[in-house]
Amino acid sequence: MSFTQKETKTCATLLREYQQSNKTIRNPEKLTFMGVGDKDVYNITAPFEDEGEQVIAGRVESRDSEYSEIVFFVERDGAWIPREGAPIFTLQDPFYTKIAGELVLGGVQIYPHPNPTKDSIFSWRTVFYKGARIAELKPFFTGPSGMKDLRLVELIDGSIGVLTRPQGEKGGRGKIGFTRISSLKDLTPEVIEEAPLLEGQFIEEEWGGGNEIHLLNNGLLGILGHIACFDTELDRHYYSMVFVLDPETREFSDIRLIAVRAEFVPGVSKRPDLRDVVFSGGLVRNLDGTANLYVGLSDAEAHRLTMADPFISFE
């Protein structure tokens with residue numbers, strides 16, 4: 001499929017287009033999590049099946065801390081509770097996929113910055129685990145220092161698509177890159193760092209990343225992600241967005257917003273500057289042409305809502 005690229009769109013332009021569109025949002029709902037004391041659960045995955053039951057992985061964290069754990073939850077009587085006996089990982093922002101029949105789970109690991117400053121005492125990297133099921137997950141790869149939003153997907157021919165998000169000299173505040181490898185054995189920090197950027201998605205003052213990759217039935221990749229910016233008061237604004245990528249040609253569609261904070265149930269925020277944050281967690285595509293979007297809100301809560309499937313028109 002060929003995509004016609006237009007000008008790079010800012011958050012303000014995308015938001016205006018979204019507000020003028022025929023939105024299909026319905027059934028917004030805050031998810032209830034229990035069994036973690038007074039800690040928050042946010043930046044969740046969509047539910048996925050493990051050993052015959054639906055499981056959500058969530059970031060669990062005290063309101064005044066950045067030290068997080070990934071906990072696996074199962075639903076009981078309308079609330080999500082920690083799964084008995086499941087491992088707990090000292091990571092942030094879980095995500096998952098299936099590759100070669102195995103579950104691949106990842107998260108962000110924070111650690112002391114080798115050259116700390118008053119504004120940056122931590123660095124971070126993405127860590128991957130794999131196994132036949134959650135109980136058997138073992139670490140198999142650690143990404144480059146300073147890079148979040150690494151995502152993997154098994155393509156139709158069995159090769160692996162890799163989304164990256166460098167920051168700094170190559171990526172500014174955060175841009176999306178893409179490359180392909182033959183198998184997980186070929187995944188190296190060098191391959192990730194050398195992945196070409198998808199040019200023209202973000203202006204220099206803004207940033208974004210991929211959160212989840214959906215292999216569409218025609219081989220295209222439906223990317224669920226986020227685009228973000230600061231306002232004049234340095235408050236953060238994160239929006240849930242999608243685009244479609246052709247892994248053969250590296251052509252991609254324009255970014256389109258699919259959800260903003262105001263459409264979810266009102267709730268709390270970790271800090272005042274995070275009130276307008278939607279962090280895309282995962283999308284469950286339903287057979288009736290709808291999709292359920294699972295998100296973290298304001299670094300404090302986990303919500304979901306239903307919408308028209310944003311990828312169905314590309315299939």
Side-chain angles (χ1 to χ4, degrees), residues 27-98 102-111 122 124 126-139 148 211-212 224 226 238 240 259 261 264-271 274-275 277-284 292-306:
N27 301 329
E29 176 187 7
K30 177 186 174 182
L31 300 184
T32 299
F33 289 86
M34 302 179 66
V36 293
D38 60 356
K39 293 183 177 181
D40 296 322
V41 181
Y42 67 102
N43 290 7
I44 56 172
T45 67
F48 60 95
E49 185 173 324
D50 183 76
E51 297 189 83
E53 68 178 342
Q54 294 293 300
V55 180
I56 282 178
R59 174 173 173 170
V60 179
E61 182 178 283
S62 297
R63 187 70 56 86
D64 59 354
S65 174
E66 292 289 327
Y67 289 99
S68 308
E69 293 179 325
I70 291 177
V71 176
F72 297 95
F73 295 89
V74 292
E75 190 173 17
R76 299 287 186 268
D77 299 321
W80 293 86
I81 64 171
R83 191 187 204 187
E84 187 174 352
I88 295 175
F89 300 113
T90 307
L91 301 169
Q92 302 175 343
D93 303 340
F95 57 91
Y96 77 94
T97 189
K98 288 286 186 74
E102 285 193 299
L103 173 66
V104 174
L105 181 113
V108 175
Q109 180 184 68
I110 63 170
Y111 58 96
F122 293 111
W124 52 83
T126 304
V127 178
F128 288 89
Y129 293 70
K130 66 177 180 176
R133 56 197 181 105
I134 288 173
E136 299 175 8
L137 288 171
K138 302 295 182 184
K148 300 181 181 182
N211 294 81
E212 187 180 62
L224 171 69
H226 61 278
Y238 276 67
S240 185
R261 177 63 186 93
F264 293 88
V265 176
V268 299
S269 175
K270 190 179 187 73
R271 301 192 310 263
L274 300 172
R275 285 175 294 192
V277 167
V278 178
F279 191 77
S280 304
L283 194 76
V284 176
N292 300 325
L293 176 67
Y294 290 77
V295 302
L297 294 184
S298 307
D299 283 17
E301 296 181 341
H303 291 230
R304 71 180 168 203
L305 49 70
T306 302

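Since the structure is predicted, the reported quantities are computational estimates derived from the model, not experimental observations.
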(message) Is it the case that atom CD in Glu53 sees more than 12 heavy atoms from other parts of the structure closer than 6.0 Å?
(response) yes
(message) Quick check on Asp77: does its CG atom have over 12 non-hydrogen neighbours (other residues, nucleotides or ligands) under 6.0 Å away?
(response) no
Answer yes or no: is there a donor N or O on one side and an acceptor on the other, between the side chain of [X] and the main chain of [Y], under 3.5 Å?
| X | Y | result |
| --- | --- | --- |
| Asn211 | Ser280 | yes |
| Thr45 | Pro94 | no |
| Lys30 | Arg304 | no |
| Glu301 | Ser269 | no |

Which atoms form the tightest heavy-atom contact between [X] and [Y], and what is the distance?
| X | Y | result |
| --- | --- | --- |
| Ala135 | Pro87 | CA-CD, 4.4 Å |
| Pro28 | Phe264 | CB-CA, 4.1 Å |
| Arg63 | Ala300 | NE-CB, 4.2 Å |
| Leu137 | Gly131 | CD2-N, 3.6 Å |
| Leu224 | Ser240 | CD1-OG, 3.8 Å |
| Leu283 | Glu212 | N-OE1, 2.8 Å |

(request) Indicate the ring-plane relationship of Tyr238 and His226, choosing parallel, tilted or perpendicular according to the 30° and 60° boundaries. (result) parallel
(request) Could you tell me how the ring of Tyr129 sits relative to the ring of Phe89: parallel (under 30°), tilted (30 to 60°) or perpendicular (over 60°)? (result) tilted
(message) Less than 4.0 angstrom from a charged side-chain N to a carboxylate O is my criterion; do Glu61 and Lys39 meet it?
(response) no
(message) Between the side chains of Asp50 and Arg83, is the shortest nitrogen-to-carboxylate-oxygen separation below 4.0 Å, so that they form an ion pair?
(response) yes
(message) To the nearest 0.5 Å, what is the distance between NZ on Lys148 and OG1 on Thr126?
(response) 9.0 Å
(request) Could you tell me the separation between the CZ atom of Phe128 and the OG1 atom of Thr97, rounded to the nearest 0.5 Å? (result) 9.5 Å
(message) Does Phe72 form a side-chain contact (heavy atoms from CB on, under 4.5 Å) with Leu105? I'd like the steps, not just the answer.
(response) CA-CA 11 Å; Phe72 297 95; Leu105 181 113; 3.8 Å; yes
(message) Between Ser68 and Arg59, is there a side-chain donor-acceptor contact under 3.5 Å, judged purely by atom types and distance?
(response) yes
(request) Taking atom types as modelled, find out whether Tyr67 and Gln92 have a side-chain donor-acceptor pair closer than 3.5 angstrom. (result) no
(request) Take Phe279 and Asp299 through the test side-chain contact (heavy atoms from CB on, under 4.5 Å) and record every step on the way to the result. (result) CA-CA 8 Å; Phe279 191 77; Asp299 283 17; 5.7 Å; no
(message) Could you go through Val277 and Arg261, starting from their C-alpha distance and side-chain angles, then the distance that decides it, and tell me whether this counts as side-chain contact (heavy atoms from CB on, under 4.5 Å)?
(response) CA-CA 6 Å; Val277 167; Arg261 177 63 186 93; over 6 Å; no
(message) Run Val41 and Phe73 through side-chain contact (heavy atoms from CB on, under 4.5 Å) and show every step you take.
(response) CA-CA 10 Å; Val41 181; Phe73 295 89; 3.9 Å; yes
